[in-house]
Visitor: 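What follows is a single structure, and I will ask about it in a moment.
Chain A is the first sequence line, chain B the second, and so forth, proteins listed ahead of strands; every chain is numbered from 1.
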Amino acid sequence: MSRLSDVPVRVVGAEPARAFSRVMAIANEVESMLARLADIGACGSIDLRGLPMAPGDRDVLRRIFAEGEVSAVIHALGSTQVYETIVRGVWWVTHHNEDGKVAAEFIEITHMPEILKTPPDDVADGLEMLHAQLQAFGG
Amino acid sequence: MSKDDSLGESLRKQGISRRAFMKFCAATASVLALPPGMATVMAAALSRARRPSVIYLSYQECTGCGESLTRSFSPTLESLIFNAMSLDYYETLQAAAGTAAEAARKTAMKENWGKYLLVVDGAVPVGNDGVYCTIAGESAVDILTEAAKGAAAVVSVGTCAAFGGIPHANPNPTGAVAVSQIVRDKPVVNVSGCPPVPEVITGVLAHYLTFGSIPELDHLGRPKVFFGETIHDRCYRRPFYDQGKFAKTFDDEGARNGWCLYELGCKGPVTYNACATVKWNQGTSYPIESGHGCLGCSEPDFWDKGSFYQALSTGTWSGATVLGVAAVAGAAIGVGAAVVSRRRQAHLDNEKQPKEKQP
């Protein structure tokens with residue numbers, strides 16, 4: 001054995017059948033929640049950090065709920081990525097901290113994730129700021 | 001930042017937007033295993049909460065718990081909760097020293113009597129009248145007893161404070177005991193682990209601030225929300241256990257395939273902690289995911305229960321030999337774990353009986 005490439009190394013991937021069963025359980029839960037949203041307007045959410053996931057499971061889940069036509073980034077204490085998946089009404093929300101690590105991750109079944117809405121107190125603050133801006137510009 | 005500020009006001013003064021605060025609450029609600037919808041409720045409650053005074057006492061410990069809490073996660077969402085608290089005494093971090101430091105502790109206690117949070121890490125030596133740990137001429141046991149009287153809640157951080165930990169290990173020359181054996185007239189929240197998961201510590205504090213009460217505790221005084229299930233219950237390698245697929249050595253094919261580490265001494269089946277879901281280093285991994293079995297560090301007397309590399313089936317964890325066939329019978333381990341659990345409970349109950357001071 002004279003070269004590094006001669007060393008026998010076998011790369012073991014995730015076992016598809018098992019990964020599939022874990023991911024399918026989550027996907028089925030999303031399906032139930034989406035049906036409730038469609039029927040009675042009830043929102044739902046799945047906390048991905050609370051679930052036992054093997055390396056690779058998340059990738060499979062991301063393929064099922066791939067990015068759709070809406071996405072947004074929130075810059076507050078690190079970034080938060082929000083996108084509606086190709087399954088409309090199903091949103092993937094990932095909160096990162098300031099080091100770029102994932103702090104929380106959810107699949108939200110809703111018309112619009114709460115984090116994207118402007119909080120009511122911020123609307124009042126916004127009005128105040130606009131008045132100040134208009135004064136500054138001589139309005 | 002005024003002490004009279006609400007938590008929301010103090011965060012806003014630090015430039016934290018409401019949306020950022022919502023994000024913090026979503027992450028905290030996730031850690032507390034609250035329904036995701038509770039993040040909004042938590043944001044409203046935390047926003048109105050007064051900044052609590054926190055007195056943090058350290059005794060027989062290695063500062064690993066403090067490192068876990070204050071260093072590895074800074075700056076993060078979790079650090080917010082600490083920025084929002086009035087940390088009035090913490091020897092590891094405070095600038096004050098000597099009589100000035102002790103005066104700060106006594107002032108904080110007097111001004112916030114009955115309302116402050118008392119956080120303790122490290123075991124408390126009671127041997128020889130507590131002479132093995134003294135601060136400013138007072139023994140640890142005397143300081144703790146006095147400080148606990150005026151506390152709204154007591155949180156024992158780390159296995160040493162919760163169960164005595166390594167200082168309590170055989171032969172325990174200093175007579176080290178858990179905080180709960182000194183403070184008996186109010187509930188003590190045990191956040192065990194060596195060290196504890198940082199989010200578990202901040203989660204308990206956030207729960208107290210949000211709901212004004214301590215979370216529901218298990219029979220060992222640990223918050224059920226974090227310690228309600230075993231590492232084994234939530235382990236991603238559990239399917240391999242159920243199929244009887246075990247790594248036999250740390251470098252065999254089973255280990256490379258990510259099979260169950262039970263036979264290599266993993267204590268996951270009898271260890272209650274949140275590592276498997278909350279994970280470490282900001283959700284990167286936990287020991288089993290890195291290829292090493294769980295040591296059981298959040299359980300009482302984990303240090304004295306034999307080799308970390310002997311399977312539970314050898315019986316060293318409980319001092320019993322009832323688990324001999326558990327490795328090959330998945331169902332048997334459930335029964336075995338229950339036996340271990342009951343024995344451990346009985347052992348702890350015995351330990352909790354008042355003891356004479358040890359020499």
Visitor: How close do Asp122(A) and Arg18(B) get, counting heavy atoms only, and between which atoms?
Guide: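 Shortest heavy-atom contact: OD1-NH1, 2.5 Å.
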
Visitor: Is the number of heavy atoms from other residues, nucleotides or ligands under 6.0 Å of Arg62(A) CZ greater than 12?
Guide: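 Enclosed: over 12 neighbouring heavy atoms sit under 6.0 Å from CZ of Arg62(A).
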
Visitor: Please check: side-chain N/O of Lys23(B) versus main-chain N/O of Ala103(A), any donor-acceptor pairing under 3.5 Å?
Guide: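 Between the backbone of Ala103(A) and the side chain of Lys23(B) there is no qualifying donor-acceptor contact (under 3.5 Å).
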
Visitor: For Ala26(B) versus His95(A), what's the shortest heavy-atom pair and its separation?
Guide: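 The answer is CB-NE2, 4.0 Å.
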
Visitor: I'd like to verify something: which residue of Val93(A), Leu48(A), Thr80(A), Val102(A) has the highest number of heavy-atom pairs under 4.5 Å with chain B?
Guide: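 Counting heavy-atom pairs under 4.5 Å, the top option is Thr80(A).
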
Visitor: Taking Arg19(B) for its side chain and His75(A) for its backbone only, find out whether a donor-acceptor pair lies under 3.5 Å.
Guide: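 Checked: no pair found.
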
Visitor: Under 4.5 Å heavy-atom distance to chain A, tell me which part of Ser17(B) shows up: side chain, backbone, both or neither.
Guide: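 Contact with chain A is through the side chain of Ser17(B) alone.
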
